[in-house]
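All figures in this text were calculated on a predicted structure; none of them were measured in a lab. Chain naming here is simple, since letters A, B, ... match the order of the sequence lines and numbering starts at 1 in each.
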Number of protein chains: 2
Amino acid sequence: MRMIAGEAGISVGALYLYYRSKEELCSTVFKGLFNEFRDAIAERTREISDPAEQIRTYIGTYMEMARVHREFIYTFNKDKGFAFGVEWKQKFFVELRRFLNGIIRRGIDEGIFADIEESEATKIVLSVLRGYVVSIVIDPDNLFTADACTDILLNGLVKRRGPQKGADVPR
Amino acid sequence: MRMIAGEAGISVGALYLYYRSKEELCSTVFKGLFNEFRDAIAERTREISDPAEQIRTYIGTYMEMARVHREFIYTFNKDKGFAFGVEWKQKFFVELRRFLNGIIRRGIDEGIFADIEESEATKIVLSVLRGYVVSIVIDPDNLFTADACTDILLNGLVKRRGPQKGADVPR
DNA sequence: GGTTCACATGAACAGGCGTTCATCTGAAGA
DNA sequence: TCTTCAGATGAACGCCTGTTCATGTGAACC
């Protein structure tokens with residue numbers, strides 16, 4: 001709080017005129033960022049019809065947002081006092097998951113995706129992205145490109161046999 | 001430190017007879033766990049010849065170890081004073097990455113895996129697992145099965161066309 | 001019994017944290 | 001000019017942390 005006040009050019013006491021507590025301050029910032037995050041993903045994927053391309057955009061947007069706000073992530077991961085806000089994080093994750101789950105379900109229904117377990121697939125894609133966020137903070141060597149990530153999640157590691165519609169799912 | 005001493009049934013001072021600092025204590029535990037982790041993965045994958053099966057085992061072992069030591073992960077993620085040991089974590093990650101990278105490289109060389117960028121693929125697989133560990137702590141709803149994870153990473157989301165060697169890479 | 005000494009104890013210390021509140025400030029109204 | 005009061009200040013408070021060190025303890029040896 002002392003650092004935030006200093007950075008804002010006001011006193012610690014003034015901070016408590018606008019926010020009841022550190023938790024309220026952090027929650028406010030977090031909620032704003034969450035909305036920006038969700039809106040960016042929803043907006044960019046809206047006009048796309050191919051679920052595979054939607055996932056590519058979802059992944060790209062997620063990673064871009066994480067990079068853009070890396071200072072935020074870094075600060076809040078390093079801050080030892082930021083252990084609250086769990087319920088907000090949960091809601092955040094649930095929304096992200098539900099959205100992605102819809103894309104994957106549609107991909108399966110349309111026969112573009114394989115007959116996978118949609119909820120498992122959703123969690124796994126989200127897990128890659130969650131790992132990406134962690135890497136930003138503690139292991140930048142593990143950062144990868146959005147394209148490589150999309151390609152592997154869509155096509156897998158194993159070599160594809162037989163004819164492929166390469167235009168649909170470029171490697 | 002007070003909690004550890006209490007749990008161990010000794011005094012705080014006695015803790016400092018055996019460990020110079022909290023950092024040294026934590027590093028000791030961490031190193032031991034790291035070695036166990038690495039040995040388990042190396043041992044279980046040793047006798048396997050198919051790179052795809054090696055990755056399946058790698059993923060399964062990683063997730064199992066994370067689950068077995070979930071209390072450890074939980075504690076150390078909640079503990080506000082455990083921000084050091086970065087260099088050890090780095091070494092840990094590098095070793096895990098190098099090992100996995102070797103498996104993937106061999107898979108590509110043997111024509112089992114597609115012509116992917118091995119270093120990117122490595123990071124992506126590790127990222128899924130890193131996300132899994134995070135989920136254990138902050139979002140258990142996002143936990144998935146090792147089999148689903150392996151299948152998606154090996155086969156991808158997109159439906160495979162043409163003949164497949166289903167026995168090799170079961171969905 | 002007396003001496004020694006490795007081991008063990010936990011109160012005390014210094015520093016950091018989020019939060020409070022007596023105090024100040026300066027513009028607006030009388 | 002004097003009064004009022006919302007807004008701003010930062011020293012102080014209580015709590016928690018990792019760490020230290022004067023003090024205690026008891027087995028081993030002379």
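- Checked by atom type, the side-chain pair Arg98(A)/Asn101(A) shows no donor-acceptor distance below 3.5 Å.
- Across the protein-nucleic acid pair, Lys22(A) atom NZ and dC15(D) atom P stand 19 Å apart, rounded to whole Å.
- If Ser11(A) and Tyr16(B) are placed on DNA chain D by their nearest nucleotide, the residue sitting closer to the 5' end is Ser11(A).
- With salt bridges taken as basic N to acidic carboxylate O contacts below 4.0 Å, none links Arg67(B) and Glu64(B).
- Rounded to a whole Å, the CD1 atom of Ile4(B) is 11 Å from the P atom of dT17(D).
- If you measure from atom OH of Tyr19(B) to atom C1' of dT20(D), you get 19 Å, rounded to the nearest angstrom.
- Note: CG (Leu17(B)) to P (dT25(D)) measures 17 Å, nearest angstrom.
- Aromatic ring pairs are classed by plane angle as parallel below 30°, tilted from 30° to 60° and perpendicular above 60°; the pair Tyr62(A) and Phe37(A) is perpendicular.
- Across the protein-nucleic acid pair, Glu23(B) atom CD and dT17(D) atom C1' stand 15 Å apart, rounded to whole Å.
- Between the CE atom of Met3(A) and the C1' atom of dG16(C) there is a distance of 13 Å, given to the nearest Å.
- With sequence neighbours left out, the salt bridge (charged side-chain N to carboxylate O under 4.0 Å, His left out) criterion links Asp141(B) to no other residue.
- Between the base of dG18(D) and the side chain of Arg2(B) there is a donor-acceptor pair shorter than 3.5 Å.
- Using a 4.0 Å heavy-atom criterion, one finds that Tyr18(B) contacts the sugar-phosphate atoms exclusively.
- Atom CE in Met1(A) sits about 17 Å away from atom C1' in dA11(D), given to the nearest Å.
- Remark: P of dT19(D) and CZ of Arg20(B) are 12 Å apart, rounded to the nearest angstrom.
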